[in-house]
Trainee: 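Following this message is one structure expressed as structure tokens.
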Amino acid sequence: MRKYKLTEETTTIVRNGAEITLHRIQAVRDFWCIKAGERGGYIESEANLSHEGNCWIYGDAEVYGNAKVYGNALVYDNAELYGNAELYGNALVYDNAELYGNAELYGNALVYDNAE
């Protein structure tokens, strides 16, 4: 069952000379502490955020490229996930942190502040 939809609200970023359009997400049903109608962060496509589990992207956080968020993982503030990065389990990425390349973050791991 779908838990979010892509809204018409977009932002464009430039990565390696290419423009990428990201779409803000919006919850379509209640789950965990998220209420239907609540807006989240930005993703490039639905491949970036699973409809299963309690994973979510908040605020102005961005997930794009082949990056994936699933399980109960959370991304928030101004954090970015891109490349082939995977975030799952109960892991958190927040503040201005970036997770990219082939990085995998899982379990109860935290990446925050200005970490890369």
Side-chain angles (χ1 to χ4, degrees):
M1 176 183 229
R2 294 170 49 92
K3 68 181 181 185
Y4 67 88
K5 67 179 181 178
L6 303 180
T7 68
E8 292 184 19
E9 183 181 348
T10 63
T11 188
T12 303
I13 61 169
V14 176
R15 177 70 63 189
N16 297 325
E19 284 190 6
I20 302 169
T21 300
L22 305 178
H23 303 269
R24 188 171 293 277
I25 57 173
Q26 183 176 21
V28 296
R29 64 176 171 88
D30 293 351
F31 64 95
W32 189 51
C33 68
I34 308 299
K35 301 295 179 198
E38 184 174 335
R39 289 184 176 244
Y42 292 91
I43 61 176
E44 184 176 5
S45 76
E46 290 191 25
N48 299 125
L49 178 64
S50 176
H51 284 280
E52 298 179 15
N54 292 321
C55 55
W56 191 243
I57 302 166
Y58 291 93
D60 290 324
E62 299 172 340
V63 179
Y64 54 95
N66 293 320
K68 294 180 180 15
V69 178
Y70 53 99
N72 296 319
L74 302 175
V75 184
Y76 53 98
D77 295 332
N78 294 307
E80 287 185 59
L81 268 71
Y82 55 95
N84 296 313
E86 291 190 28
L87 183 69
Y88 55 97
N90 295 313
L92 304 174
V93 175
Y94 58 97
D95 288 337
N96 296 308
E98 294 183 28
L99 189 67
Y100 55 91
N102 293 314
E104 287 186 40
L105 190 66
Y106 54 91
N108 295 315
L110 305 174
V111 175
Y112 57 94
D113 286 337
N114 295 308
E116 292 186 29

Trainee: Regarding Glu80 and Arg15, does a basic nitrogen lie under 4.0 Å from an acidic carboxylate oxygen?
Mentor: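 Judged by the 4.0 Å cut-off on N to carboxylate O distance, Glu80 and Arg15 do form a salt bridge.
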Trainee: Do Met1 and Arg29 have side chains that get closer than 4.5 Å, going by heavy atoms?
Mentor: yes
Trainee: Do side-chain atoms of Arg39 reach the backbone of Arg24 as a donor and acceptor pair under 3.5 angstrom?
Mentor: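 Side chain of Arg39 to backbone of Arg24, a donor-acceptor pair under 3.5 Å: no, none is there.
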Trainee: What heavy-atom pair brings Ala97 and Val111 nearest, and what distance separates the two atoms?
Mentor: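 What the structure gives for the nearest pair is CB-CG1, 3.7 Å.
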Trainee: Is there side-chain contact between Glu52 and Phe31, with heavy atoms separated by less than 4.5 Å?
Mentor: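 When only atoms from C-beta onward are counted, Phe31 and Glu52 do not touch, as no gap falls below 4.5 Å.
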Trainee: So which pairs with a foot in residues 32-54 pass ring pair (Phe, Tyr, Trp, His ring centres under 6.0 Å), sequence neighbours left out?
Mentor: Tyr4-His51
Trainee: To the nearest 0.5 Å, how far apart are CG in Asn90 and CG in Leu74?
Mentor: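 It is 8.5 Å, given to the nearest 0.5 Å.
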Trainee: So which atom in Arg2 and which in Val28 form the shortest heavy-atom distance, rounded to 0.1 Å?
Mentor: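 Closest heavy-atom pair between Arg2 and Val28: O-CG2, 3.5 Å.
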Trainee: Okay, side chain of Asn78, backbone of Asp60: is any donor-acceptor separation there less than 3.5 Å?
Mentor: no
Trainee: Considering only heavy atoms from C-beta outward, does the side chain of Leu81 approach that of Leu87 to under 4.5 Å?
Mentor: yes
Trainee: Taking all heavy atoms of Glu38 and all of Tyr58, pick out the closest pair and write down the distance.
Mentor: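 Minimum heavy-atom contact is OE2-CE2, 4.0 Å.
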Trainee: Among residues at least two apart in sequence or on other chains, which ones pass ring pair (Phe, Tyr, Trp, His ring centres under 6.0 Å) with Tyr94?
Mentor: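 Applying ring pair (Phe, Tyr, Trp, His ring centres under 6.0 Å) to Tyr94 gives Tyr76, Tyr112.
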Trainee: Does Asn84 reach the side chain of Lys68, with side-chain heavy atoms less than 4.5 Å apart?
Mentor: no
Trainee: Is any side-chain heavy atom of Lys3 closer than 4.5 Å to a side-chain heavy atom of Cys55?
Mentor: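 Yes, their side chains come closer than 4.5 Å.
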Trainee: Between Tyr64 and Ile13, is a side chain to side chain contact (heavy atoms under 4.5 Å, CB included) present by the stated rule, with each step listed?
Mentor: CA-CA 10 Å; Tyr64 54 95; Ile13 61 169; 3.3 Å; yes
Trainee: Counting only N and O atoms by type, is there a donor-acceptor contact under 3.5 Å from the side chain of Glu44 to the main-chain atoms of Leu22?
Mentor: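 No, because the side chain of Glu44 does not come within donor-acceptor range (under 3.5 Å) of the backbone of Leu22.
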Trainee: If every non-hydrogen atom of Lys35 is compared with every non-hydrogen atom of Ala27, which pair is closest and at what distance?
Mentor: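 Closest heavy-atom pair between Lys35 and Ala27: O-CB, 3.6 Å.
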Trainee: Using a 4.5 Å cut-off between side-chain heavy atoms of Ile, Leu, Val, Met, Phe, Trp and Tyr, which other residues end up in the same hydrophobic cluster as Tyr106?
Mentor: Tyr70, Tyr88
Trainee: Are Leu6 and Ile25 side-chain neighbours, meaning at least one heavy-atom pair lies under 4.5 Å?
Mentor: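 Answer yes - side chains close enough.
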